[in-house]
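Notes follow once the structure below has been shown.
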Amino acid sequence: QNEPNPFNSLTKIIAVFPRAESAQFFITDISGKIVYQNNFQSVQGENTIVIRREFLKTPGTYYYTLQSEHYQLSRKMILIP
């Protein structure tokens with residue numbers, strides 16, 4: 001889960017990958033529309049993803065998904081005013 005949640009300026013997600021691999025990270029609004037996307041190369045072990053307020057348009061509920069060949073995580077996060 002992202003910390004803190006809810007958040008108002010930034011939040012962080014810690015993900016532990018079993019090996020280095022290409023990964024996709026995206027955030028959707030409650031209608032399912034992708035509002036932010038980032039493809040990156042993970043490292044083996046702990047990876048930190050920082051989400052800043054400016055990545056999202058308005059306060060509300062969002063869902064993020066992090067996926068790769070060997071890893072998948074989806075959670076809800078809340079941006080407050």
Side-chain angles (χ1 to χ4, degrees):
Q1 185 67 54
N2 59 301
E3 277 291 326
N5 190 27
F7 72 101
N8 66 1
S9 61
L10 69 87
T11 188
K12 295 180 182 180
I13 300 163
I14 306 292
V16 179
F17 283 81
R19 63 190 65 150
E21 57 189 323
S22 296
Q24 269 191 322
F25 177 78
F26 56 92
I27 301 172
T28 59
D29 63 16
I30 57 172
S31 72
K33 178 182 174 190
I34 295 176
V35 296
Y36 177 80
Q37 185 170 355
N38 184 25
N39 298 325
F40 66 97
Q41 182 66 35
S42 74
V43 296
Q44 182 178 8
E46 189 173 287
N47 291 257
T48 302
I49 299 168
V50 177
I51 307 302
R52 300 183 188 287
R53 177 182 194 87
E54 51 269 12
F55 294 174
L56 308 172
K57 293 182 181 181
T58 59
T61 301
Y62 294 89
Y63 297 91
Y64 64 85
T65 300
L66 175 60
Q67 63 186 24
S68 68
E69 185 177 344
H70 299 98
Y71 189 91
Q72 180 159 355
L73 170 74
S74 294
R75 298 283 187 272
K76 178 171 75 171
M77 67 181 174
I78 300 170
L79 174 61
I80 56 177

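- Here the OG1 atom belonging to T58 is positioned 9.0 Å from the CZ atom belonging to R53, to the nearest 0.5 angstrom.
- One finds the OG1 atom of T48 at 3.0 Å from the CD1 atom of I14 (value rounded to the nearest 0.5 Å).
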Going through the distances and angles, do R75 and Y63 end up as a side chain to side chain contact (heavy atoms under 4.5 Å, CB included)? CA-CA 6 Å; R75 298 283 187 272; Y63 297 91; over 6 Å; no
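- Residues satisfying the side chain to side chain contact (heavy atoms under 4.5 Å, CB included) test with F55, not counting sequence neighbours, are Y36, I51, R52.
- When all heavy atoms are compared, the tightest approach of N39 to Q37 is OD1-NE2, 3.8 Å.
- Sparse packing is recorded around CD of E69, with 12 or fewer heavy atoms of other residues, nucleotides or ligands lying under 6.0 Å away.
- Contact annotation: the side chain of I13 approaches that of L73 to within less than 4.5 Å [non-hydrogen atoms, C-beta and beyond].
- By the side-chain hydrogen bond (donor to acceptor under 3.5 Å, both in side chains) test, S9 pairs with no residue at all, sequence neighbours left out.
- The side-chain heavy atoms of T28 and K33, taken from C-beta on, include no pair separated by under 4.5 Å.
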For side chain to side chain contact (heavy atoms under 4.5 Å, CB included), just list the numbers for F26 and Y64, CA-CA rounded to whole Å, side-chain angles, deciding distance to a tenth of an Å, and then say yes or no. CA-CA 6 Å; F26 56 92; Y64 64 85; over 6 Å; no
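- The two residues D29 and Y62 come nearest to each other via the heavy atoms CA-CD2, 3.9 Å.
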Any chance you could lay out the side chain to side chain contact (heavy atoms under 4.5 Å, CB included) test for I80 and F7, step after step, and finish with the verdict? CA-CA 6 Å; I80 56 177; F7 72 101; 6.0 Å; no
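- The closest side-chain donor-acceptor pair between E21 and S68 falls under 3.5 angstrom.
- With contacts defined as side-chain heavy-atom distances shorter than 4.5 Å, the pair K12/I49 does not qualify.
- Between Q1 and N5 the shortest heavy-atom distance is NE2-ND2, 3.0 Å.
- Annotation for Q41 and A20: closest pair NE2-C, 3.7 Å, computed over non-hydrogen atoms.
- Shortest non-hydrogen contact noted between A15 and L66 is CB-CD2, 3.4 Å.
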What's the verdict on side chain to side chain contact (heavy atoms under 4.5 Å, CB included) for K76 and T61, showing C-alpha distance, side-chain angles and the deciding distance? CA-CA 7 Å; K76 178 171 75 171; T61 301; 3.5 Å; yes
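- Remark: N8 engages no residue in a side-chain hydrogen bond (donor to acceptor under 3.5 Å, both in side chains) (not counting sequence neighbours).
- Annotation for I34: atom CD1 counts as buried by contact number, over 12 foreign heavy atoms lying within 6.0 Å.
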